[in-house]
Amino acid sequence: MASTRTDAGAAAPVIDDPRRRRAILWAVCIALMAVVASVSGLNVAQPQLATTFDASQGQVLWIINTYTLTLAAFLLPLGALGDRLGRKPVFNIGLIIFGVANVAAAATPVMEVMLAARLLSGIGAAMIMPVTLSVITSSFPDKERSKAIGMWTAVAGGGGLLGMYLSALLVDVTSWRWLFALPIVLTIAALLIGARAIANSREHAPGRFDALGTLTSIVATVGVTFALHEAPSLGWTDPIVLIPLIAAVLATIAFITWELRTPFPLLDIRYFRTRGLSSGTTLLLVLFGVQGGVSLVLYPFFQVVLGWSGLLSTLGLMPMALLMMFASGLAPHVAARLGVRACMVTGLTIATTGLALMAGLVSAEGGYLSVLPGLTAMGLGAGLAMTPSTEAITSSLPREQQGVASALNDLTRELGAALGIALLGGLLVAGYQNAIASRLTGVPEDLAATAREGIANANSQNAGTHTEQILTAANEAFVAGWQQAMWVGVAVMTVLLIFILYRGPKNTPTRYVESTEAQSEATTETLTMQHEGQCPESLIRSQ
């Protein structure tokens, strides 16, 4: 019996053999796990990196952020390249580059080599990550695609926390150099499994590769990501933040203008007129932003307020990660019974409730149990909402642009997390500083000034007879700042919930009907755009 077939009008093979599909899913999920684990893995080894390379805190952050910046910058162009050149060779080459870069990082004697290795691993990751999802969308038949995307979403959502926990364990038991053993092992496993299971697929892409769209997208992505990373510490008006942000805005305007005019765009902006793409990207942007902000708040709460170690703090986030992974696998079944939009709304409602619980129940006296109900609800709700959102994005673009669709999905998650950390982190700092001022009455100004800098500073200084007052004030002020940031997050999530209610994908109860109606909606919108003289030839062909 043949193991592959080709759907009408599609160049990519659809795999009929269930065992081969499972092997494909294992290969891409293992590769994805290697990529997402590397995003946050080095966070737990900042002191060790500073000691080894005699580096400042700023230099250590560059070692960590170089990978994230490079990954975000090259997602769109390398996703499109996978569609053109073939997904399997791009996947394999990306894994080889990623693996070699991690070996170099583990063995590097100097910081300059470490920075180069992190940049190279970011390029490899940008080749891998879009292909992992586009291989699923091109290889799995419609009836199995939702379940496979659910598994992919589970790894994408919870893999980072699992990777951070394993990284913290390795740092505690061995040394920071062993952090790179995890992605290296995962890379080798993905290569071995994918070599036989993954079928090469490429789509006919007429016209030249969009070089100008690629350049402007890279400038825009690097500029905004860099600004979001630096703004919490430097402030939005600092030239180091402001100049890249202005460059990003100008590049974004140029990108949109060019993509609307060129006949063969890197990303056709008109697709955002469809419900699936607009609602899916918006949901993931906001949800990952809120999750990034929550993680930023929880680590100092665990480590400074509760006095936990880095390893125990990461373990404290596991209920959210595990429930997110479970709910991501459950989401296709919920969507099949209730409908895609209902599944997204249900997940958002639960996640928003969890955020409100964290804002309302948190206290230094209550400890971990005061945040556990909110954590579990956040994980469950996020998992239910993310899987249908990811499928809505990938199903909104034609098969020949699945690499771009996958890259857009990944880029939305990266930018959302950076945006959430910058904004909610800023709210936390502002709330802390406002709340602690009135609690330091009678404390000498030099001690009070140090305490106002942050909760870690307040807890680290020797304040003599004022120690207890400063610690109590810092803990109470941190909780006040926490609540301010979380209630703003609740308000943003509520607005998102209303948006999805009105603009989410059509609420169809089965995968077949969903696909049919989504295609019908896209066809209707295409005809409208064509009638208005706004629809490019590539969009007409895709329908």
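Quick note: numbers below take in every heavy atom, side chains included, and nothing from hydrogens, waters or symmetry partners. Every value quoted in this text rests on a predicted model; they were computed, and no experiment measured them.
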| message | Take a 6.0 Å sphere around CH2 of W178 and say whether it holds more than 12 heavy atoms from other residues, nucleotides or ligands. | response | no

| query | Under the criterion side chain to side chain contact (heavy atoms under 4.5 Å, CB included), which of T412, L287, L284 is the partner of S389? | reply | L284

| Can you name the ring pair (Phe, Tyr, Trp, His ring centres under 6.0 Å) partners of Y67, sequence neighbours left out? | none

Please check: side-chain N/O of [X] versus main-chain N/O of [Y], any donor-acceptor pairing under 3.5 Å?
X	Y	answer
W482	M358	yes
T387	S328	yes
T52	L49	no
R503	S279	no
T376	P373	yes
T108	A105	no

Any side-chain heavy atom of [X] sitting closer than 4.5 Å to one from [Y]?
X	Y	result
F140	K147	no
L355	V290	yes
W26	I30	yes
I149	I136	yes
D410	P130	yes
M378	M324	no
R341	P388	no
L380	M320	no

| Mind checking what makes side-chain contact (heavy atoms from CB on, under 4.5 Å) contact with T66, not counting sequence neighbours? | W62, T70, L115, R118, L119

| query | How many angstroms lie between CE in M318 and CG in L375, if you round to the nearest 0.5 Å? | reply | 11.0 Å

| query | Which value, rounded to the nearest 0.5 Å, describes the distance between T153 atom OG1 and L384 atom CG? | reply | 11.5 Å

| said: One pair to check against side chain to side chain contact (heavy atoms under 4.5 Å, CB included): F301 and V362. What are the steps and the verdict? | reply: CA-CA 10 Å; F301 179 76; V362 63; 4.0 Å; yes

| field | Side-chain H-bond candidate by donor/acceptor type, T132 with W152, under 3.5 Å | value | yes

| message | Show every ring pair (Phe, Tyr, Trp, His ring centres under 6.0 Å) that has at least one partner inside residues 365-390, sequence neighbours left out. | response | F302-Y368, W308-Y368

